[in-house]
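Structure first, commentary second.
Owing to the predicted nature of the structure, the values given are computational and were not obtained by experimental measurement. When a ligand or atom number is given, it counts from 1 through the structure's own listing order.
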Amino acid sequence: MPALVSTDPRPSLVPWTEHPVTTESLDWAPLVIIDLAKFDKPNGKQELANDLKDAVRLWGFWTVVGTGIAQDQLNRQLDIGNTFFKQPLADKKKVSCNFSEGNYFGYREPLRFIGTSNVKENMEMLNLPKYTPDYESLPRHDLVKAYESEIQPFHRLVWDNVIRKLFVLFAIILELPEDYFVERHQYEKPSEDHLRYMIYHPRPAEEDEKIGGQWSAGHTDFGSLTLLFSQSVAGLQIRTPSNEWKWVKHVPGGITCNAADTLSFLSKGYIKSTVHRVVRPPADQAKLERLGLFYFVRPGNDVPMVPAPSPVLLREGYISEEEAKLAASEEQSPDVVRGFEYVRARVKNVHTRKSTRHPQDNRDAEEVFRVKNLQIQDYYA
Ligand SMILES: O=C(O)CCC(=O)C(=O)O
Ligand SMILES: [Fe+2]
């Protein structure tokens with residue numbers, strides 16, 4: 001007789017159902033599509049590097065397809081994320097981000113108000129560190145432990161199938177040894193990398209009006225690279241090279257990728273850390289929950305934030321011969337800023353603010369964030 005009751009001892013998952021795409025024609029960003037299925041074909045890497053070159057230098061955003069990550073695997077991750085957020089707050093808070101240390105691992109509760117308004121943040125997230133011996137002793141939620149046999153291989157698969165390949169392409173673009181960036185972002189070595197489940201809860205229109213429809217203020221990401229598994233609810237916008245906001249379009253099965261601050265440091269700004277934000281979705285999607293799955297790639301904890309000795313950077317004037325020599329000597333210096341120091345300082349700076357920025361609050365538009373010699377424009381206005 002077939003069993004009527006599931007014998008799976010794990011808590012059952014609340015399935016996530018993908019919403020239909022918007023029927024509105026929005027001003028979409030023309031993002032290049034990189035088909036990673038070509039990567040291992042003869043001359044494939046070179047062709048892809050060529051296709052990616054302008055995207056990394058000018059746009060900082062692109063989409064990858066052909067990742068070899070099956071839709072079923074992705075759906076399971078979305079189901080796990082959906083189930084996690086539906087748990088009681090007390091359970092979610094059992095492992096929380098410790099922002100006083102710039103530690104982003106764990107659950108982040110939406111607590112802050114937008115500017116001086118009475119409107120609160122509308123997103124929650126859960127960040128899971130890598131499954132390597134360095135993070136074995138960190139606390140994890142019961143649900144995450146229960147589904148570890150699926151989360152762990154997925155975490156690693158994203159790195160192997162997508163991240164490693166993108167780092168090879170960046171090295172080819174910059175005429176560096178192919179493993180230059182891979183070495184600085186290895187899965188096995190300690191870093192602040194995390195897989196993220198994130199959900200935005202829709203706001204009533206009158207609340208959104210008070211805060212200019214902003215769901216996440218304009219910002220650059222803190223690490224090296226961000227992967228966003230493409231989702232059907234529009235909301236993400238990027239600032240184009242001509243400083244216009246354009247929407248990111250859903251590419252089923254694709255991953256929207258963007259370069260972030262530390263990769264920009266390692267390339268002296270050649271690879272662009274692009275400003276982006278999240279806004280209230282178009283009318284036909286504005287009442288939907290928006291669940292996202294991400295992988296945030298951070299530099300290795302010990303990786304010095306110095307420009308790569310790239311012939312392209314020298315030729316195109318991003319670095320001088322002297323700077324290249326200085327960078328080589330700084331690599332070993334105890335004073336040089338390394339991956340962990342930068343990322344922790346940035347997380348702490350952003351997430352210990354009492355409120356998030358209001359879009360009309362231009363007060364701090366020119367503010368910069370600094371760690372020793374490194375600085376980036378803080379675009380939270
Ligand atoms: O939700 C999104 O589409 C983007 C979120 C984002 O930019 C971030 O979490 O850094
Ligand atoms: Fe972001």
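Put simply, the side chain of Leu89 reaches to within 4.5 Å of the side chain of Glu109, judged on heavy atoms. By the 4.5 Å heavy-atom criterion applied to side chains, Phe294 and Met125 are not counted as neighbours.
Looking only at heavy atoms of the protein, atom 5 (C) of ligand 1 is closest to Tyr200 OH, 3.4 Å. The closest protein non-hydrogen atom to atom 4 (C) of ligand 1 is Val278 CG2, 3.7 Å. Regarding atom 9 (O) of ligand 1, its nearest protein heavy-atom neighbour is Arg196 NH1, 3.0 Å. Of all protein heavy atoms, the one closest to atom 8 (C) of ligand 1 is His219 NE2, 3.8 Å.
The cationic group of Arg140 lies under 6.0 Å from the six-membered ring centre of Tyr131 and within 45° of the ring axis, placing it in a cation-pi geometry. Under the 6.0 Å distance and 45° angle rule, Lys165 counts as a cation-pi partner of Phe39.
Taking a cut-off of under 4.0 Å to the non-hydrogen atoms of Met198, the atoms of ligand 1 that pass are 9 (O). Ligand 1 places these atoms under 4.0 Å from at least one heavy atom of His276: 7 (O). Atoms of ligand 1 lying under 4.0 Å from at least one heavy atom of Leu228, given by number and element, are 3 (O). Residue Arg290 has at least one heavy-atom neighbour below 4.0 Å for each of these atoms of ligand 1: 1 (O), 2 (C), 3 (O).
We find that Glu289 and Lys86 are joined by a salt bridge, their nearest charged nitrogen and carboxylate oxygen being less than 4.0 Å apart. A salt bridge links Glu175 with Arg315: at least one charged nitrogen is closer than 4.0 Å to a carboxylate oxygen. Under the 4.0 Å criterion applied to side-chain N and carboxylate O atoms, Glu188 and Lys130 are not assigned as salt-bridge partners.
Looking at Met123 against ligand 1, nothing comes within 4.0 Å, counting heavy atoms. Heavy atoms of Asp221 found under 4.0 angstrom from ligand 1 belong exclusively to the side chain.
The closest approach of His276 to the Fe ion (ligand 2), by N/O/S atoms, is made by NE2. Of all N/O/S atoms in Asp221, OD1 sits nearest the Fe ion (ligand 2).
Ligand 1 lies nowhere less than 4.0 angstrom from a heavy atom belonging to Trp215.
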**Request:** Start with the C-alpha gap between Gln375 and Phe369, add the side-chain angles, then the distance that decides, and say whether side chain to side chain contact (heavy atoms under 4.5 Å, CB included) holds.
**Result:** CA-CA 6 Å; Gln375 74 174 55; Phe369 171 72; over 6 Å; no
**Request:** Begin with the C-alpha distance, continue with both residues' side-chain angles, and end with the deciding distance and a verdict on side chain to side chain donor-acceptor pair (under 3.5 Å) for Asp284 and Thr22.
**Result:** CA-CA 6 Å; Asp284 58 355; Thr22 179; 2.8 Å; yes
